[in-house]
Each structure stands twice: as C-alpha cells, then as structure tokens.
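Step one of this worksheet: look at the structure below.
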Amino acid sequence: MRGVIMHAPGDVRVEDREDPTIVEPTDAIIRLSATCICGSDLWPYRGVEPVDHTLMGHEYVGLVEEIGSAVRTLQVGDFVVGSFVISDNTCEICRAGFQSKCVHAEFVAGTIGTQAEKARIPHADGTLVATPGQPDPELTPSLLAASDVLGTGWFAAVAAEAGPGKTVAVVGDGAVGLMAVLAAKELGAERIIAMSRHPARQELARFYGATDTVEERGEEGVARIKELTGGLGAHSVIEAVGTQESFMQAVGATRGGGHLGYVGVNHDVQIPGIQLFFAGIHALGGPAPVRRFLPELIQLIWDRKIDPGKVFDLTLPLEQAAEGYRAMDERRATKVLLTL
C-alpha cells in the first residue's frame, strides 16, 4: 500500500508500505476512504518535534475490511470513524470520559500512521464507531473532521463550559479553533469571539457562529477581550494554538471564576505559577477524548445539523501529500483533505 512518511523536517514522501495485518484479536483492518493533514503535523515538519522516517497521519474514516476474533461491535463492510488515540473504552478512565488517557492509550500518529491506504486499528471496539449506514460522499469530509479537529474543538468547548448565557473567546483560528467556534454555538453560547487576523478564517468563523472577531494578540488581545466584556473577561476561553503567547493570552482573557479549555499541542510553554494562582480560573485540557463525543457528533453530521467539513479548503490526492504540507505550512490552506 501507499503511505506518507516524513523522513526529516520538511521532507515528506509517499512511499510503499507493507499492508497491515491482524496482530491481536481485538484489531480491525480498515481501508481508508479519506485522510488529512493536521496542524499538529506541522510541528515535526518545521523541526519543532523530532522526526525520522515517521509514519504520518492520525485522522481517518473508512470501511472495515477485516476484524479480529474478539471484535464484537463491528462487521466487515461497516463505515467507521476513529479517534486519533487508541482506547479500549472500558477501563475506569475511559468510563470517566477520558479515553485519551486509557490504560491502553496509543497515539495513531507515528505508530500506525493513517495518511495511507489502509490501517490496523488496535482495540477496534473501543476506538472505532460505525456510522448508521453507508454515508453519502458529501458527508465524508465532515465525518473525517470528527476524527480529531471537530472532536478536539468540541472537547475544548465542553472543558471551557461554553453554554447558554456565556461569552466564549477562542484563541486560534486553525481548524481546531474554528471547530471550537462551531461547538460553542451548538452548546448554546450567547457570544463567541474569534481571535483571528486571517480574513478567510474570520469569514468561516462567522459562518460557524462567531459574533465578534479580535485581531489583537498578547496583552493587546487580552485588553480587547476585556473591553468587549465590560472589563471582566470571557466566561469561557479556548486555547487552540499551544504557544507561550497564545496560552498566556488565554489565561489573561478568562474572567475570575471562568473556565479555560486548552487543546493546542503545547511546546515549551512556561506558566508562571503566581500568575495562574491570581487568575483564579478553572483549567482543563490536553489530548481530547474524541471517542467520548463520536456517537453524538456522527449523528449531528448524519442528520446534517452541522457541517464541519467546510474546514477543509484544499483537497489533494494522497500522492500529493507533500504539496498539502507545504500549503498548510505557508498558511495557503487551513486544512488539507487527502483522497484515496
């Protein structure tokens, strides 16, 4: 089969890989219908994270081709959406709703790599969710978004306790930030402030429910949020970038007693303890337990109540993955869908 391998920073190639096979009785083999490039894939691409002939990709939808003898909830031919973290969905931590910290947790990126034609998914019963039937092709992008960016944005909004009567500020206008805007709207937020300097992304944020946009960053961004909220700050703030500036901006924009949901992959962020202490806020985040939300998100997409697939603004065949990486690195694309 063909698959994406990142040999070194900036060096993305599509090469032949061995077809996956059943290893454990809880495995499933899926033939991917679509995959995509994530903003977090840019960290190794830019040399921020180590990379050496790494199997790329962690977002995926497709058809079940083969199942292990212990798989009970799936059948060959099912169309499935999977989380970017493997989970059994039965351990104590999974039952508490934090499947990304399952006792069997394993990141799909690097070890499995779903920017490929096929993938072996361990703990298939706990990781994959079948759709109600075979989806219409136009639903594929939205279902693919549920695999990570939609589920991550949704978790961020839930962690920030977005809801009726709340003002929500979203720091970050990438795919996850845009999905957090969508989630905040669906959860009933009264006001949603998208922090963005990118005109096309501002437009999409408004489509998904943003009522305001703020272009300022850092301390100026915090001041602008407070100006818009009567000097108090937002009830709910979502951090969807992962840099020092974005994280501290998010802390500063959260009102006393408010809630911060942080899902930007963190790199060398140093949080001054005294600043966090005097902020007096709730904070929850980390790798999103996408599996918790998949059944609900799939149904919303199936019923055409939400359209997260609009976040994909460039579609390329898998063989042109390197161009997709370049486009996202240069901010010519928000999120790239790879067809198979």
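Side-chain contact of Asp88 with Gln99: a donor-acceptor pair under 3.5 Å is absent, judged by distance alone. At a cut-off of 3.5 Å, with distance as the only test, a side-chain donor of Gln202 or Glu215 sits close to an acceptor on the other residue. Side chains of Thr334 and Arg201: a donor on one and an acceptor on the other come within 3.5 Å. Using modelled atom types, one finds a donor on one side chain and an acceptor on the other under 3.5 Å when comparing Glu15 with His7. Asp307 and Ser142 are linked by a side-chain donor-acceptor pair at a separation below 3.5 angstrom, with hydrogens and angles left out of the test.
Here the CZ-CG distance, from Phe155 to Asp148, works out to 12.5 Å after rounding to the nearest 0.5 Å. Interatomic distance, CG of Asp173 versus NE2 of His198, reported as 7.0 Å (0.5 Å rounding). Summarising the geometry, atom CD1 belonging to Ile238 is positioned 12.5 Å from atom CE belonging to Met195; distances are rounded to the nearest 0.5 Å. To the nearest 0.5 Å, atoms CG (Leu178) and OG (Ser196) are separated by 7.5 Å. Note that OG1 of Thr254 and CG of Leu232 are 12.5 Å apart. Values are rounded to the nearest 0.5 Å. Between His104 atom NE2 and Glu106 atom CD the span is 10.5 Å, to the nearest 0.5 Å.
Between Arg326 and Glu323, at least one side-chain nitrogen of the basic residue sits less than 4.0 Å from a carboxylate oxygen of the acidic one, meeting the salt-bridge criterion. Ionic pairing of Arg224 and Asp212 is not present here: no N-O contact between side-chain nitrogen and carboxylate oxygen is shorter than 4.0 angstrom. Of the charged side-chain nitrogens involved, none lies within less than 4.0 Å of a carboxylate oxygen, so that Glu92 and Lys101 do not count as a salt-bridged pair. Classification of Asp16 and Arg2 as a salt-bridged pair holds, one side-chain N sitting under 4.0 Å from a carboxylate O.
Exactly one of Asp27, Thr111, Asp19, Thr21 qualifies for a side chain to side chain donor-acceptor pair (under 3.5 Å) with Arg120. That residue is Asp27. When each of Glu117, Glu65, Glu66 is tested with Arg31 by the rule salt bridge (Lys or Arg N to Asp or Glu O under 4.0 Å), just one qualifies, namely Glu65.
In this structure, Phe84 and Phe107 have parallel ring planes: the angle between them is below the 30° cut-off, well short of the 60° mark.
Side chains of Val263 and Val176 form a contact here, defined as non-hydrogen atoms less than 4.5 Å apart. Using a 4.5 Å cut-off on side-chain heavy atoms (C-beta onward), Leu144 and Ser33 make no contact.
Under a cutoff of 6.0 Å and an axis angle of 45°, Lys310 and Phe207 form a cation-pi pair. With a 6.0 Å cutoff to the six-membered ring centre and a 45° limit on the axis angle, Arg292 counts as a cation-pi contact of Phe98.
Considering all non-hydrogen atoms of both residues, Ile5 and Arg17 come closest at CD1-CG, 4.2 Å.
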Item to check | Derivation and outcome, salt bridge (Lys or Arg N to Asp or Glu O under 4.0 Å), residues Lys185 and Glu190 | outcome: CA-CA 8 Å; Lys185 176 68 173 179; Glu190 182 175 300; over 6 Å; no
Checklist entry - What do the steps show when you test Gln320 against Tyr325 for side chain to side chain donor-acceptor pair (under 3.5 Å), and what is the final call? => result CA-CA 9 Å; Gln320 294 181 27; Tyr325 275 83; over 6 Å; no
Checklist entry - Stepwise, does the side-chain contact (heavy atoms from CB on, under 4.5 Å) test hold for Ile30 with Leu63? => result CA-CA 5 Å; Ile30 62 172; Leu63 292 169; over 6 Å; no
Checklist entry - Would His123 and Ser87 count as a side-chain contact (heavy atoms from CB on, under 4.5 Å) if you check the C-alpha gap in whole Å, the side-chain angles of each, and the deciding distance to 0.1 Å? => result CA-CA 6 Å; His123 296 285; Ser87 63; over 6 Å; no
Next on the checklist: Would Leu314 and Leu337 count as a side-chain contact (heavy atoms from CB on, under 4.5 Å) here? Give the steps.
Outcome noted: CA-CA 6 Å; Leu314 178 60; Leu337 186 147; over 6 Å; no
Item to check | Audit row: Glu49, His267, side chain to side chain donor-acceptor pair (under 3.5 Å) steps and yes/no | outcome: CA-CA 9 Å; Glu49 291 179 357; His267 286 89; 2.9 Å; yes
